[in-house]
Amino acid sequence: MKRKTIFTVVTILLLALLLTACAKDNAKAPEEPKDEEIVVEKDNKKEKEFVPEEEYVDEMSDLKVVACSVNAVKVLDLLGYKNVVAVPDGVDESLYPDAIRFGPETNLDYDLIKELKPSIIIADGEVDYEVKPSDVHITNQYGQSIGATYYSFENIESTKNAINNIGRSLGIKNMAEEIAEKLETNI
């Protein structure tokens, strides 16, 4: 009986010690700015390298974007994203004048899109594409397959989500959050 009591007391003390140690781990110092981990190829060897977030965002601006709908183009314009390489017919000529026009939203010229080797394809979930962008095999400049990402612009809430998610994928998350917030307050 005495052994059982001692064992119980020791177990309780160990649990208390363990819980105290866990509580101290949760109270960490403020997080430092996050760096992005990228894989860099040097002398035919792949190495992981950390890049400060502000430099990573600069690299993100080099992403070649194909916007498969007028709504997607409008969001990219709101975000101030410049490297849009292709847009559908029907987009105002003043928006992305250097971008290639690749046909109507519903009937995209995929051969032309493939030649551009885009980094990101933004599609509209509300457009009735004859051939969906996600059904076409498209590769980026590195020969990697990329798929289209679909967003809904049907209502304010889905448009806000689209703005935030597109901004996140382009490395301009904070700007996207501000624009999405302004969108709601202006309505």
Side-chain angles (χ1 to χ4, degrees), residues 31 33-36 38 51-110 112-136 138-142 144-187:
E31 231 178 77
K34 292 183 179 176
D35 293 339
E36 295 293 329
I38 62 170
V51 178
E53 188 172 1
E54 55 275 358
E55 288 179 30
Y56 183 72
V57 170
D58 288 343
E59 288 179 15
M60 297 293 281
S61 66
D62 293 336
L63 294 175
K64 296 187 331 185
V65 176
V66 169
C68 295
S69 75
V70 174
N71 287 332
V73 171
K74 289 177 181 177
V75 167
L76 290 164
D77 182 54
L78 269 175
L79 292 170
Y81 194 78
K82 302 293 183 212
N83 202 13
V84 177
V85 294
V87 297
D89 294 346
V91 170
D92 185 339
E93 290 291 327
S94 66
L95 297 176
Y96 306 107
D98 297 332
I100 293 171
R101 301 316 197 235
F102 54 74
E105 284 181 328
T106 56
N107 189 16
L108 307 175
D109 183 346
Y110 290 108
L112 184 60
I113 293 172
K114 287 178 183 180
E115 287 177 26
L116 295 170
K117 304 280 187 199
S119 308
I120 295 176
I121 299 173
I122 299 174
D124 189 331
E126 308 306 317
V127 172
D128 187 21
Y129 297 104
E130 286 183 28
V131 177
K132 291 183 177 184
S134 57
D135 292 341
V136 179
I138 299 174
T139 58
N140 64 15
Q141 64 192 22
Y142 304 110
Q144 300 165 325
S145 292
I146 62 165
T149 305
Y150 288 80
Y151 297 99
S152 174
F153 306 97
E154 187 175 32
N155 57 45
I156 295 300
E157 195 59 36
S158 63
T159 301
K160 281 176 44 184
N161 288 335
I163 290 169
N164 283 322
N165 289 323
I166 291 169
R168 197 173 299 119
S169 66
L170 296 174
I172 49 177
K173 176 185 169 207
N174 293 339
M175 181 185 299
E177 288 173 350
E178 289 175 24
I179 290 169
E181 190 176 305
K182 286 179 186 176
L183 180 70
E184 186 169 13
T185 57
N186 288 337
I187 294 178

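Since we're looking at a predicted model, the values are computed, not measured.
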Q: Looking at Y81 and G167, would you say the former's side chain and the latter's main chain have a donor-acceptor pair under 3.5 Å?
A: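 Side chain of Y81 to backbone of G167, a donor-acceptor pair under 3.5 Å: no, none is there.
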Q: Within the distance-only criterion (no hydrogens, no angle test), does the side chain of N165 pair as donor or acceptor with the backbone N or O of N161 below 3.5 angstrom?
A: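 Pair found, side chain donor or acceptor close to backbone of N161.
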Q: Is any side-chain heavy atom of K117 closer than 4.5 Å to a side-chain heavy atom of Y142?
A: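 They are not in contact (no side-chain heavy atoms under 4.5 Å apart), so the answer is no.
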Q: Rounded to the nearest 0.5 Å, what separates atom CD1 in I163 from atom CD in E181?
A: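 Reported to 0.5 Å precision, the distance equals 12.0 Å.
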Q: Could you check whether atom CG of N155 has more than 12 heavy atoms from other residues, nucleotides or ligands sitting under 6.0 Å from it?
A: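 Yes, because the 6.0 Å sphere around CG of N155 holds more than 12 heavy atoms from other groups.
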Q: Less than 4.5 Å apart, side chain to side chain, heavy atoms only: is that true for P118 and I146?
A: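 Heavy-atom side-chain distance check passes, below 4.5 Å.
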Q: Thinking salt bridges, do E93 and R101 make one under a 4.0 Å N-O criterion?
A: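 Yes, this pair counts.
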Q: For V84, does its backbone N or O pair with a side-chain atom of K64 as donor and acceptor, under 3.5 Å?
A: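 No, because the side chain of K64 does not come within donor-acceptor range (under 3.5 Å) of the backbone of V84.
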Q: I'd like to know if the side chain of N71 pairs up with that of S69 as donor and acceptor (distance under 3.5 Å, no hydrogens or angles considered).
A: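 Side chains of N71 and S69: no pair found under 3.5 Å.
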Q: Output the distance between atom CD1 (I179) and atom CD1 (I172), rounded to the nearest 0.5 Å.
A: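 Rounded to the nearest 0.5 Å, the CD1-CD1 separation comes to 7.0 Å.
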Q: Applying side-chain contact (heavy atoms from CB on, under 4.5 Å), run through I166 and L79 and close with a yes or a no.
A: CA-CA 9 Å; I166 291 169; L79 292 170; 3.8 Å; yes
Q: Rounded at 0.5 Å granularity, tell me how far OH in Y110 sits from CD in E130.
A: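 Going from OH on Y110 over to CD on E130, the span is 9.0 Å.
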Q: Inspect the surroundings of NZ in K114 and state if more than 12 heavy atoms from other residues, nucleotides or ligands are less than 6.0 Å away.
A: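 Enclosed: over 12 neighbouring heavy atoms sit under 6.0 Å from NZ of K114.
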Q: Mind listing the closest non-hydrogen atom pair of A67 and L76 along with its distance?
A: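 Residues A67 and L76, closest heavy atoms: CB-CD1, 3.8 Å.
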Q: Do V66 and I122 come close enough that some side-chain heavy atom pair is under 4.5 Å?
A: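 Of all side-chain heavy-atom pairs linking I122 with V66, none is under 4.5 Å.
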Q: Are any side-chain N or O atoms of S119 and backbone N or O atoms of L63, one a donor and one an acceptor, separated by less than 3.5 Å?
A: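 No: the side chain of S119 does not pair with the backbone of L63.
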Q: Would E154 and T159 count as a side-chain contact (heavy atoms from CB on, under 4.5 Å) if you check the C-alpha gap in whole Å, the side-chain angles of each, and the deciding distance to 0.1 Å?
A: CA-CA 7 Å; E154 187 175 32; T159 301; over 6 Å; no
Q: Can you tell me how far CD1 of I121 sits from CD1 of I138, rounded to the nearest 0.5 angstrom?
A: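 Answer rounded to 0.5 Å: 3.5 Å.
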Q: When rounded to the nearest 0.5 angstrom, what distance separates CZ in R168 from CG in N174?
A: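 R168 CZ to N174 CG: 10.5 Å, rounded to 0.5 Å.
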Q: If only side-chain N and O atoms count, and only distance matters, is there a donor-acceptor pair under 3.5 Å linking S152 with E126?
A: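 Note: E126 and S152 side chains meet the donor-acceptor criterion.
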Q: Looking at F153 and A162, what are the two nearest heavy atoms and their distance?
A: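 It is CE2-CB, 3.6 Å.
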Q: Does N83 use its side chain to pair, donor to acceptor, with the backbone of D62 at less than 3.5 Å?
A: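 Yes; at least one donor-acceptor contact below 3.5 Å.
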Q: Is it the case that the side chain of E105 and the backbone of V70 share a donor-acceptor pair, with hydrogens and angles ignored and the cut-off at 3.5 Å?
A: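 The answer is yes, because a donor-acceptor pair under 3.5 Å joins these two groups.
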Q: Taking all heavy atoms of P133 and all of Y150, pick out the closest pair and write down the distance.
A: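 Smallest heavy-atom distance, with atoms named: CD-OH, 3.1 Å.
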Q: Would you say L116 and F102 make side-chain contact, with heavy atoms under 4.5 Å?
A: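 A side-chain contact is absent here, since even the closest heavy-atom pair is not under 4.5 Å.
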Q: Starting from the C-alpha separation in whole Å, work towards a yes-or-no answer on side-chain contact (heavy atoms from CB on, under 4.5 Å) for V127 and T106.
A: CA-CA 7 Å; V127 172; T106 56; 4.2 Å; yes
Q: With side chains defined as the heavy atoms from C-beta onward, is the minimum distance between I120 and L170 less than 4.5 Å?
A: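 Yes. Closest side-chain heavy atoms under 4.5 Å.
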Q: Hey, is the main chain of S158 close enough, under 3.5 Å, to the side chain of Y151 for a donor-acceptor pair?
A: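 Not confirmed, Y151 side chain does not pair with S158 backbone.
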Q: For the side chain of Y129 and the backbone of C68, is there at least one donor-acceptor N/O pair under 3.5 Å apart?
A: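 Flag set: sc Y129 to bb C68 pair under 3.5 Å.
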Q: If you draw a 6.0 Å radius around NZ in K74, do more than 12 non-hydrogen atoms from other residues or ligands fall strictly inside?
A: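 Atom NZ in K74 is not crowded, with 12 or fewer foreign heavy atoms closer than 6.0 Å.
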Q: Distance from N164 atom CG to M175 atom CE, nearest 0.5 Å?
A: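 Interatomic distance, N164 CG to M175 CE, rounded to 0.5 Å: 13.0 Å.
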Q: Sub-3.5 Å donor-acceptor pair from the side chain of D135 to the main-chain atoms of V131, do we have one?
A: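 Pair absent, no side-chain N/O of D135 close to backbone of V131.
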